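The next block holds one structure in the form of structure tokens; read it before the comments.
Computation of the quantities below employed the complete heavy-atom set of this structure, encompassing side-chain atoms and omitting hydrogens, waters and symmetry-equivalent molecules. All values reported here derive from a predicted model rather than from experimental measurement.
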Amino acid sequence: MNQEKLDALITLLDDPDTTVFQMVQHELLKEDEEIIPALEKKWEQSFDENSQNRIENIIQSLQFKRTFSGLKNWVNQTPGKQNIFEGFCAVDKFQYPDLNPLNLSLKIENLRKSIWLELNNSLTLLEKTTILNHFIFNLNGYSVNLSNPNSPQNCFLNQILETKRGNPVSMSIFYTIIARAIELPAYLVDFPKNPLVAIVDAELAQKVHGSTRDTEVLFYINPSNKGAITSRKEIDYHLKRNDYQPIEKYAEPKPDVLFIQRLVESMLEAYNSVGFTEKEGKIKQLLSLF
């Protein structure tokens with residue numbers, strides 16, 4: 001859209017005629033977020049509350065359009081090739097449309113460097129995991145937000161890095177990002193009620209479990225419980241006791257894309273629980289991508 005037409009349409013946002021506004025809104029929503037600065041300038045110059053509300057709604061719709069497109073592009077990448085950090089950032093933009101992923105990446109890198117100083121090649125996977133747990137949960141105090149478990153803020157990576165609090169899904173994804181950053185073979189498991197993180201090594205798993213057990217998982221980590229380490233035997237016992245079948249569905253690693261879906265589901269539940277039901281429609285649009 002050329003600047004002259006854009007300026008003319010923005011001027012018409014003050015028109016009291018609803019039919020005119022709907023036409024203008026329809027045309028503006030065909031555009032992308034590049035027109036947002038012009039809309040923001042119009043908002044600043046306007047003294048009419050109704051006009052400002054109209055502009056705010058259009059800006060929010062354009063921002064969501066960008067968020068939807070970004071998450072769609074991530075989901076549609078080659079299966080297994082998605083970077084879960086990028087998927088997390090795509091979800092963050094639902095609430096923080098101006099988020100710069102580079103800022104979060106730098107914070108993750110600082111965490112990685114601090115942990116890396118404590119590691120060496122002679123350590124086993126279990127020893128490296130123990131050091132990671134100590135760093136994340138003891139030294140830095142990351143945990144599931146038990147004091148305000150339904151807060152939507154628990155769902156966003158930028159808030160986890162700032163407040164050190166999340167929900168079971170977001171904390172498991174965060175833990176996986178850090179674990180992979182220090183080169184641990186970490187994969188997410190869709191365990192009932194809260195995801196677990198599995199450390200995978202086919203050769204070692206066979207030595208530990210024996211050739212009769214068809215799994216490459218060496219052990220499990222529960223980020224919702226300060227990184228508690230659990231064996232496959234304990235996992236199987238819990239699943240059988242609570243009649244979760246088939247066991248493989250809840251005990252074996254799943255693709256990262258499933259856990260970004262779980263994250264969006266937790267976001268929907270969180271917003272609804274605190275009464276922000278007006279966000280339900282847009283979040284369901286995001287869920288339709290999976």
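- In this structure, Tyr96 and Phe156 have perpendicular ring planes: the angle between them is above 60°, well past the 30° mark.
- Because its NZ or CZ atom is both nearer than 6.0 Å to the ring centre of Tyr271 and within 45° of the ring axis, Lys279 counts as a cation-pi partner of that residue.
- Between Leu111 and Tyr142 there is a side-chain heavy-atom pair separated by less than 4.5 Å.
- A salt bridge links Asp256 to Arg180: at least one charged side-chain nitrogen sits closer than 4.0 Å to a carboxylate oxygen.
- Asn194 and Asn222 share a donor-acceptor pair across their side chains, judged by distance under 3.5 Å alone.
- Counting non-hydrogen atoms of neighbouring residues, nucleotides and ligands closer than 6.0 angstrom, the OH atom of Tyr244 exceeds 12 such neighbours.
- Of all non-hydrogen atoms in Leu99 and Cys89, the two that sit nearest each other are CD2-O, 3.9 Å.
- Ser46 places no side-chain N or O within donor-acceptor distance of the main-chain N or O of Trp43, the cut-off being under 3.5 Å.
- A side-chain hydrogen bond (donor to acceptor under 3.5 Å, both in side chains) with Asp190 is found for one member of Arg262, Gln261, Lys254 and no other, namely Arg262.
- A salt bridge is absent between Asp236 and Arg241; no separation between the charged side-chain nitrogens and carboxylate oxygens falls under 4.0 Å.
- Nearest heavy-atom pair, Gly87 versus Ile260, reported as atom, atom and distance to 0.1 Å: C-CD1, 3.8 Å.
- Between Phe94 and Phe64, the angle of the ring planes goes over 60°, which puts this pair in the perpendicular group of the 30/60° scheme.
- Residues Phe174 and Ile108 have side chains in contact (heavy-atom distance under 4.5 Å, counting atoms from C-beta outward).
- We find that Lys5 and Glu31 are not joined by a salt bridge, their nearest charged nitrogen and carboxylate oxygen being 4.0 Å or further apart.
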